[in-house]
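Here the structure is a predicted model, which is why all the values come from computation and not from measurement.
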Amino acid sequence: MPSIAEVTCRISADNIRAFMTDAFRTCGLPDADAQTVAGAMLDADLSGADAHGIFRLAGYVRLLRRGHINPRANVHVAERAAATALVDGDNGMGHLVNTYAANLAVEIARESGAAWIGVRRSNHSGAGSTYAAIPVAHGMVGMYSAVSGSNFMAPWGGAEPLLGTNPIAVGIPAGKGPAVVLDVATSVVSNGAIRSYAAEGKPMPEGWVISREDGSPITDGRRLSEGMFMPLAGYKGSGLALVLGLLGGPLNRAAFGRDVKDSTGDQLRENNTGQFVIALDVTRFLPLDAFKAEVDRHVNDLASSQRLPGVDEIHIPGHGRAARMADRSKNGVPLAETLLKQVDELAKTLAIEPLTARK
């Protein structure tokens, strides 16, 4: 796995989007679907969720070419009621499935005031903020969660990894300032960060991974197979991972617990990944502009509040994301040399124009 930390050059967003679209089209996705998936992955790259952007492309291509993901998925609504729906992803790309689900949530919330969209038979879908932000763009509150495709955590006090790092993302519209967008895993740090440290041979800080045998800290990335990830905030993160997993898995007739197939290994069947997207129409509570003004007022109060010595800035969820998106949209996405080499090699196998050759 190439490092995503060492930046060597910036590549334009348009070129990354076009390259990924060509790659997915070559793997059999219809043009519109290829553009949707590439757009969702580019959103991750632009927002700084680098482990969920083009960094993942080679892995997705491998799964598509082996027939483990359906390139021509018939994403459809299996069940629908006044404020709910269940989407069947037909084992398609998770980005396609959850973009569909998030847009459906907006549609239903506009009619009913709120919408809960469950997803089954999906796959890994990248950064959760991408889907929480779709309702935000329509002046709504958005929420997304997923059952991770691999189990890296144990229930609190356990020694058997039966829980994923099940993420949760929430988006809240604002007025003059950036939207408030929180996107976190339920582990101390994300799987991507841990894998990045391991790939680079850097020792991991204590408290990220512990031994399955005796609970002692593991800092050597070469010993990841012996360990399990630590949950965020101890038993609280473990409990949150559990409830999000139950809502994303069994409620949608999707995989959870022992039913989860390790997506980092050889995939022999559908993952049946479960997710859910929620949209809430703010105008059912108060006028949208009034809510946005209140969000701005409170966020400004928080951001301008007294800081501890040595602290330069109080961080508000979503503000860094907005700044990175503005910078990268204008100046290009920073990519490591190792990653550029990987995607150019991928281009050869797909017989498409290399990313570094695009102007």
Side-chain angles (χ1 to χ4, degrees), residues 1-24 26-27 37-65 93-95 124-130 149-150 152 165 167 183-185 187 189-205 208-209 219-222 224 229 263-264 320-350 352-359:
M1 183 166 102
S3 165
I4 58 172
E6 181 187 358
V7 173
T8 57
C9 64
R10 288 186 178 244
I11 305 296
S12 78
D14 287 343
N15 284 349
I16 293 174
R17 183 196 303 273
F19 178 81
M20 292 195 294
T21 300
D22 288 347
F24 287 123
T26 301
C27 289
V37 176
M41 291 175 65
L42 178 62
D43 183 82
D45 276 321
L46 291 174
S47 65
D50 297 331
H52 292 301
I54 194 171
F55 177 72
R56 294 262 185 176
L57 181 62
Y60 292 142
V61 167
R62 182 168 59 251
L63 292 172
L64 285 162
R65 299 187 88 180
M93 290 290 295
H95 311 73
H124 184 266
S125 59
S129 59
T130 299
S150 301
F152 296 121
T165 61
D183 184 0
V184 294
S187 52
V189 291
S190 70
N191 176 43
I194 289 173
R195 300 288 168 178
S196 178
Y197 267 73
E200 295 172 35
K202 296 194 304 184
M204 297 177 295
W208 285 14
V209 179
T219 59
D220 184 347
R222 293 171 296 183
L224 277 183
F229 298 179
S263 64
T264 63
R321 179 180 190 271
R324 287 187 294 272
M325 292 194 84
D327 170 59
R328 294 181 177 196
S329 296
K330 178 181 178 181
N331 301 312
V333 176
L335 299 179
E337 182 179 354
T338 50
L339 179 55
L340 287 171
K341 288 180 179 178
Q342 182 198 68
V343 296
D344 278 355
E345 285 298 317
L346 181 65
K348 292 179 182 179
T349 67
L350 296 175
I352 61 175
E353 184 181 14
L355 179 59
T356 55
R358 298 180 183 230
K359 303 299 182 183

Nearest 0.5 Å, please: how far is [atom2] in [Y] from [atom1] in [X]?
X	Y	atom1	atom2	value
Met41	Met93	CE	CE	6.5 Å
Arg328	Leu46	CZ	CG	7.5 Å
Trp208	Ile194	CH2	CD1	6.5 Å
Lys330	Arg10	NZ	CZ	11.0 Å

What I want to find out is whether [X] reaches [Y] closely enough, with some N-O distance under 4.0 Å, to be called a salt bridge.
X	Y	answer
Asp50	Arg324	no
Asp45	Arg17	no
Glu337	Lys341	yes

Under a 3.5 Å distance rule, please check whether [X] uses its side chain to pair with a backbone N or O of [Y] as donor and acceptor.
X	Y	result
Thr349	Leu346	yes
Asp22	Ile352	no
Asp344	Pro354	no
Arg56	Ala51	yes

Does a side-chain heavy-atom distance below 4.5 Å link [X] with [Y]?
X	Y	result
Gln342	Glu345	no
Leu64	Phe24	yes
Ile11	Ile54	no
Leu335	Val343	no
Leu340	Cys9	yes

Heavy-atom closest pair, residues [X] and [Y]:
X	Y	value
Met325	Ser329	O-OG, 2.6 Å
Leu224	Arg195	CD1-NH1, 3.7 Å
Pro205	Thr219	C-CG2, 4.4 Å
Val61	Cys27	CG1-SG, 3.8 Å
Arg321	Ser129	NE-OG, 3.5 Å
Ala44	Ala127	CB-CB, 4.1 Å

Requested in this report: Using the six-membered ring wherever Trp is involved, compare the ring planes of Tyr60 and His124 and label them parallel, tilted or perpendicular (cut-offs 30° and 60°).
Outcome: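 Plane angle between 30° and 60°, so tilted.
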Requested in this report: Go through Phe19 and Leu57 one step at a time and tell me if the side-chain contact (heavy atoms from CB on, under 4.5 Å) criterion holds.
Outcome: CA-CA 10 Å; Phe19 178 81; Leu57 181 62; 3.5 Å; yes
Query raised in the report: Should Thr130 and Asp43 be marked as a side-chain hydrogen bond (donor to acceptor under 3.5 Å, both in side chains) after you check the CA-CA gap, both sets of side-chain angles, and the distance that decides it?
Result: CA-CA 7 Å; Thr130 299; Asp43 183 82; 2.8 Å; yes
